[in-house]
Amino acid sequence: MKVIDSLYINGQWQKAHGNDTVLVTNPATEQTCVSIPKGDKVDVNAAVSAARHALPGWSATTAQHRAELMLAVACEMENRYQDLIDAHMETMGCPRHLAGDLHVDAAIEGMRYYASQAHIMDQVEERGEVLILKEAVGVCAFINPWNYPLHQLIGKVAPALAAGCTIIAKPAEQTPLQDLIMAEIFHKVGLPAGVFNLVFGSGREIGPLMSNHPQVDMVSFTGSTAAGIQVATAAAPTVKRVCQELGGKSALIITEDADLAAAIRYGVEDVMTNSGQTCNALTRMYLPASRYQEAVSLAQDIVQEQKVGDPQNETVTMGPLASKRQQETVLQFIRQGVDEGARLIAGGADMPTGLEKGAYVRPSIFADVTQEMSIAREEIFGPVLCMLAYDNIEQAIEMANDSVYGLSSGVYAKDKVSALKIARRLQAGQCYIQGSYFNMNAPFGGYKQSGNGREWGKEALHEYVETKAIICG
Ligand code: NAD
């Protein structure tokens, strides 16, 4: 077991104030793999104070200087590639051979992407007698989940650094190692003390302290909608900027004239990626009634290609879920789907064949799902796909939009032109058409209860920018 006993505050590894610890369990082996210190109010205050002190100097550096440091960070991430892969495998059960593609590569690319955007901070717009400048928002508190721990961290840290902000980051209790490695990297490349601070601890305990701290200018939270509401509530009295990236229950509409085999493959694989723990997974699949049975048999065949098992095994496509707790939540939804009368055409609530321990869940698909069932309305956050039938495209759009969430969506139609017409009418921050994938240029974020911020794309940099107008005459 790795024992981490320090927090990274003001450019130094410091013992946490209290003696409490959190134990992290490897979800494949069920063995304790890491112990982290539980930061408290004293630690949060120290981290905020360090970030506050570092802010004037860091925000006054040139964009070029910040970009150069960020590029050095990206190179060092490449040097620590294997450690980053191991961290994902050990703490969240991601198969080793998939972790680069799913978690690490885009994070490195993200660091480089925002290095290339830093120059935007130097731009001054002249509007007649008015000068419009961009300044860093200030001290930012980042609270992240465990499902894409590195990717989520870089999605916040990289644009914040480019903008000249200083940072206090708190990873999810389950996945501290990615953040730990990043702190080591920031230290190695010589990021000034206090620009990046890392505090471990319980979200319920130190999350509110970070969110309502008067010396924090912005809090960016990614996680469940319930916790996101608590963050916003805690932040309100200090009128700080709040960026929420929350849950989803995203719809994929497949039209009658689409290439059904390609569309179903895309939809099934999308949901099973990362063992189903993806906030923007297209978990509600809407199919024309005329092709419904054909679609169900295709899905049933395609899902058999998934292989669940030990993350060390090169042939495995799905490791365990990130924790036993998450496994139990997902299994409960599967049982509920059966009780609600949906037809389980693949998977189920029993352990996958040959596996006796670990937080594994079989890739599961429900057919004959109706709009009012809880499995069609609530975020399951596991490898569970719901297939629903529609009579005409107007009804499909209405059903897709009938959700409290609006994070992502997808359309698979005959061609791009037909897909675009439907995409424009979906109430979601993103729409993936004709089988497309994550793109760093695409701003990512939710409508409705999926959140109010944007990550990635140049829009993410603007989240960290204050606009100043100087009126000259
Ligand atoms: P969670 O809300 O339980 O935890 C997320 C983080 O918030 C953790 O670091 C946790 O310690 C902290 N936390 C918990 N309670 C808090 C509180 N009261 N105040 C402040 N912080 C608190 O979510 P989770 O189970 O770790 O992650 C899964 C959820 O995250 C899913 O709903 C998923 O859709 C969502 N998610 C959204 C996005 C997105 O970009 N929209 C990305 C990934 C995950």
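Keep in mind it's a predicted model, so treat the numbers as computed, not measured. Remember, it's 1-based here, ligands and their atoms both numbered in the order they're listed.
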J.: Scan Leu180, Thr21, Val22 and name whichever one has a side-chain contact (heavy atoms from CB on, under 4.5 Å) with Phe200.
T.: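 Only one of Leu180, Thr21, Val22 forms a side-chain contact (heavy atoms from CB on, under 4.5 Å) with Phe200, namely Leu180.
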J.: What's the shortest distance from atom 13 (N) of ligand 1 to any protein heavy atom, and which residue and atom give it?
T.: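 For atom 13 (N) of ligand 1, the nearest protein heavy atom is Gly203 CA, 3.5 Å.
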J.: Lys170 vs Glu205, test: salt bridge (charged side-chain N to carboxylate O under 4.0 Å, His left out). Steps then yes/no.
T.: CA-CA 12 Å; Lys170 190 204 86 62; Glu205 291 166 21; over 6 Å; no
J.: Does Gln277, at its CD atom, have more than 12 non-hydrogen atoms belonging to other residues, nucleotides or ligands within less than 6.0 Å?
T.: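 Check passes, neighbour count above 12.
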J.: Give the atoms of ligand 1, by number and element, whose distance to some non-hydrogen atom of Gln230 is under 4.0 Å.
T.: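 Every atom of ligand 1 under 4.0 Å from some heavy atom of Gln230: 17 (C), 18 (N).
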J.: Do me a favour and list the nearest non-hydrogen protein atom to atom 42 (C) of ligand 1 with residue, atom name and distance?
T.: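 I find the closest protein heavy atom is Cys279 SG, 2.9 Å.
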J.: Which residue and atom name correspond to the protein heavy atom nearest atom 2 (O) of ligand 1, and how close is it?
T.: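 Heavy-atom neighbour on the protein nearest atom 2 (O) of ligand 1: Ser224 OG, 2.6 Å.
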J.: Under 4.0 Å from a heavy atom of Leu407: which atoms of ligand 1 are those, numbered in the order shown and with their elements?
T.: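 Those qualifying, in numeric order: 41 (N).
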J.: Among all the protein's non-hydrogen atoms, which is closest to atom 27 (O) of ligand 1, and how far away is it?
T.: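 Minimum-distance protein heavy atom for atom 27 (O) of ligand 1 reads Pro145 CB, 3.5 Å.
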J.: Output yes when Arg204 and Glu173 qualify as a salt bridge under the 4.0 Å nitrogen-oxygen rule, no when they do not.
T.: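 Judged by the 4.0 Å cut-off on N to carboxylate O distance, Arg204 and Glu173 do not form a salt bridge.
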J.: I need the atoms of ligand 1 closer than 4.0 Å to a non-hydrogen atom of Ala227, numbered in the order shown.
T.: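 Those of ligand 1 that fall under 4.0 Å from Ala227 are 2 (O), 15 (N), 16 (C).
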J.: Looking only at heavy atoms, is any part of Tyr148 under 4.0 Å from ligand 1, and if so is it the side chain, the backbone, or both, or is it neither?
T.: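 Neither; nothing of Tyr148 gets under 4.0 Å from ligand 1.
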J.: Do we see a donor-acceptor contact under 3.5 Å between the side chains of Asn26 and Gln31?
T.: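 The answer is no; no qualifying pair exists.
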J.: Need the ligand 1 atom indices (1-based, order shown) with element for anything under 4.0 Å from a heavy-atom of Glu173.
T.: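 Once the distances to Glu173 are compared, the set is 10 (C), 11 (O).
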J.: Using a 4.0 Å cut-off to any heavy atom of Glu379, which atoms of ligand 1 qualify?
T.: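 Per the distance check, 31 (C), 32 (O), 33 (C), 34 (O).
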J.: Record the part of Gln277 in heavy-atom contact with ligand 1 below 4.0 Å; permitted values are side chain, backbone, both and neither.
T.: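 For Gln277, no heavy atom sits under 4.0 Å from ligand 1.
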J.: Within a distance under 4.0 Å of any heavy atom of Asn147, pick out the atoms of ligand 1 and give their elements.
T.: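 In order of number, 43 (C), 44 (C).
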J.: Identify, for atom 37 (C) of ligand 1, the protein heavy atom at the shortest distance, and state residue, atom and that distance.
T.: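 Checking every protein heavy atom, the shortest distance to atom 37 (C) of ligand 1 gives Leu246 O, 3.0 Å.
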J.: Which class fits the ring pair Tyr464 and Phe142: parallel under 30°, tilted 30 to 60°, perpendicular over 60°?
T.: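 It falls in the perpendicular class, over 60°.
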J.: Would you say the ring centroid of His151 lies under 6.0 angstrom from that of Phe438?
T.: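 Judged by ring-centre distance (under 6.0 Å), His151 and Phe438 do meet the cut-off.
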J.: Among all protein heavy atoms, pick out the one at the shortest distance from atom 25 (O) of ligand 1; state its residue, atom name and that distance to 0.1 Å.
T.: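 The answer is Trp146 NE1, 3.3 Å.
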J.: Of the options Val24, Asp83, Ile4, Asp86, which is the one that meets Leu177 in a side-chain contact (heavy atoms from CB on, under 4.5 Å)?
T.: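 For Leu177, the side-chain contact (heavy atoms from CB on, under 4.5 Å) check succeeds only for Ile4.
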J.: Rounded to the nearest 0.5 Å, how far does CD of Glu90 lie from CD1 of Ile85?
T.: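 Spacing of CD1 (Ile85) from CD (Glu90) equals 13.0 Å.
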J.: Taking heavy atoms and a distance under 4.0 Å, where does Asn144 meet ligand 1: side chain, backbone, both or neither?
T.: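 The answer is the backbone of Asn144.
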J.: Check Asp402 with Lys249, please: is the shortest side-chain N to carboxylate O separation under 4.0 Å?
T.: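 So Lys249 does not pair with Asp402 through a salt bridge.
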J.: Give me the residue, atom name and distance of the protein heavy atom closest to atom 35 (C) of ligand 1.
T.: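 Its nearest protein heavy-atom neighbour is Gly223 O, 3.2 Å.
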J.: Do Glu466 and Lys240 meet the salt-bridge criterion of a basic N to acidic O distance under 4.0 Å?
T.: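 Between Glu466 and Lys240 there is no salt bridge, as every charged N stays at least 4.0 Å from the carboxylate O atoms.
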J.: Would you confirm whether any non-hydrogen atom of the protein falls under 4.0 Å from atom 4 (O) of ligand 1?
T.: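 Looking at atom 4 (O) of ligand 1, one finds that no protein heavy atom lies closer than 4.0 Å.
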J.: Where does the angle between the aromatic ring planes of Tyr114 and Trp456 fall among parallel (under 30°), tilted (30 to 60°) and perpendicular (over 60°)?
T.: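 Tyr114 and Trp456: tilted rings.
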J.: Heavy-atom distances under 4.0 Å are what count here, so tell me which part of Thr222 touches ligand 1: side chain, backbone, both or neither.
T.: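 The answer is both, backbone and side chain.
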J.: Hey, what's the ring geometry for Phe196 with Phe186, parallel, tilted or perpendicular (30° and 60° as the breaks)?
T.: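 Ring orientation, 0 to 90° scale: tilted.
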J.: Looking at ligand 1, does Phe381 have a heavy atom less than 4.0 Å from it?
T.: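 In this structure, Phe381 qualifies as a contact of ligand 1 - some heavy atom is under 4.0 Å.
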J.: Report, in ascending order of atom number, the atoms of ligand 1 lying under 4.0 Å from any heavy atom of Phe221.
T.: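 Heavy-atom distances to Phe221 below 4.0 Å select 2 (O), 6 (C), 7 (O), 21 (N).
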J.: Quick check on contacts: which atoms of ligand 1 are under 4.0 angstrom from a heavy atom of Glu245?
T.: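 Listed by number with element, the hits are 37 (C), 38 (C), 39 (C), 40 (O), 41 (N).
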